[in-house]
Amino acid sequence: MNRRRKFLLASVLALQNSSFIYPSCRKCFSRVILVSKRSDCPKCGSTGEAENASYRYKLSLKVAESNKLFVITVFGSCLDTFFGLTATDLHKILKANMEKVRISVTSYMHALTTKDKSKH
């Protein structure tokens, strides 16, 4: 992999993938596999508890510069500033909000079914 930095002034056309954070190994930063309550790194063999997994950003974009199209991928903590928090912190917020949404939908559906039963 080329380690030189290249700067590109381009327009973002699209996100290539809606999944822009992933659970990562604390040792080698590779994607870990979350199984039940464990995390396993297939690259270095590191294991841990799934709830303690760290997360990293991986943002894949389709961009245009002049008359050229590129697909670029930006990894890691360089995106912390863009998002305003680490990927691990963002994952915690998203997970907490998904639980709230799940509870709200369940409560709403329960209220609807209870309301329907009271009409009969």
Side-chain angles (χ1 to χ4, degrees):
M1 179 163 64
N2 189 349
R3 292 282 181 192
R4 292 184 313 159
R5 287 186 181 203
K6 296 185 180 184
F7 294 96
L8 175 68
L9 183 58
S11 299
V12 175
L13 302 176
L15 286 173
Q16 291 295 98
N17 189 335
S18 62
S19 178
F20 58 93
I21 59 175
Y22 67 94
S24 69
C25 178
R26 293 183 187 270
K27 291 182 181 176
C28 69
F29 302 122
S30 294
R31 181 182 298 267
V32 296
I33 299 168
L34 300 177
V35 180
S36 188
K37 296 182 179 188
R38 304 287 308 159
S39 66
D40 298 310
C41 178
K43 186 172 182 181
C44 75
S46 180
T47 61
E49 293 182 25
E51 68 182 35
N52 294 333
S54 64
Y55 284 76
R56 288 178 52 90
Y57 290 112
K58 178 186 176 187
L59 192 59
S60 295
L61 307 165
K62 181 185 267 186
V63 300
E65 185 263 333
S66 298
N67 60 349
K68 299 174 188 167
L69 291 177
F70 299 94
V71 175
I72 61 170
T73 303
V74 185
F75 287 93
S77 60
C78 64
L79 289 164
D80 291 356
T81 304
F82 179 77
F83 286 101
L85 66 169
T86 66
T88 300
D89 290 340
L90 179 58
H91 177 262
K92 289 176 185 175
I93 291 169
L94 293 173
K95 185 177 176 184
N97 285 327
M98 288 304 292
E99 287 300 318
K100 289 178 187 175
V101 168
R102 191 174 298 125
I103 290 167
S104 297
V105 169
T106 303
S107 299
Y108 177 72
M109 294 303 290
H110 177 70
L112 281 179
T113 56
T114 305
K115 185 177 176 183
D116 287 343
K117 288 178 183 176
S118 64
K119 287 183 179 181
H120 296 293

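Because the structure is predicted, anything quoted here is derived from the model rather than measured.
When hydrophobic side chains of Ile, Leu, Val, Met, Phe, Trp and Tyr are connected at separations under 4.5 Å, Phe7 ends up as a singleton with no cluster partners. Leu9 shares a hydrophobic cluster with no other residue; no ILVMFWY side chain has heavy atoms under 4.5 Å from its own.
For the residue pair Ser24 and Val32, the shortest heavy atom distance occurs at C-CG1, 3.7 Å.
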Per-pair distances, 0.1 Å, donor-acceptor, side chain in residues 88-96, under 3.5 Å, sequence neighbours excluded:
from  : atom 1 : to    : atom 2 : distance (Å)
Thr88 : OG1    : Tyr55 : N      : 2.8
Thr88 : OG1    : Tyr55 : O      : 3.4
Asp89 : OD2    : Thr86 : OG1    : 3.2
His91 : NE2    : Tyr55 : OH     : 3.2

All N/O donor-acceptor pairs, side-chain side in residues 58-80, below 3.5 Å, sequence neighbours left out:
from  : atom 1 : to    : atom 2 : distance (Å)
Ser60 : OG     : Thr73 : OG1    : 3.2

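Aromatic rings from Phe82 and Tyr57 are positioned such that their centres are separated by 6.0 Å or more.
Residue pairs meeting the side chain to side chain donor-acceptor pair (under 3.5 Å) criterion with at least one partner in residues 28-41, sequence neighbours excluded, are Arg38-Thr47.
Here Arg56 contributes atom CZ and Cys25 contributes atom SG; the two are 10.5 Å apart, rounded to the nearest 0.5 Å. The NZ atom of Lys27 lies 4.5 Å from the OG atom of Ser46; values are rounded to the nearest 0.5 Å.
Not counting sequence neighbours, Tyr22 has no partner by the ring-ring contact (aromatic ring centres under 6.0 Å, His included) test.
There is a path of hydrophobic side-chain contacts, each under 4.5 Å, that joins Leu85 to Ile21.
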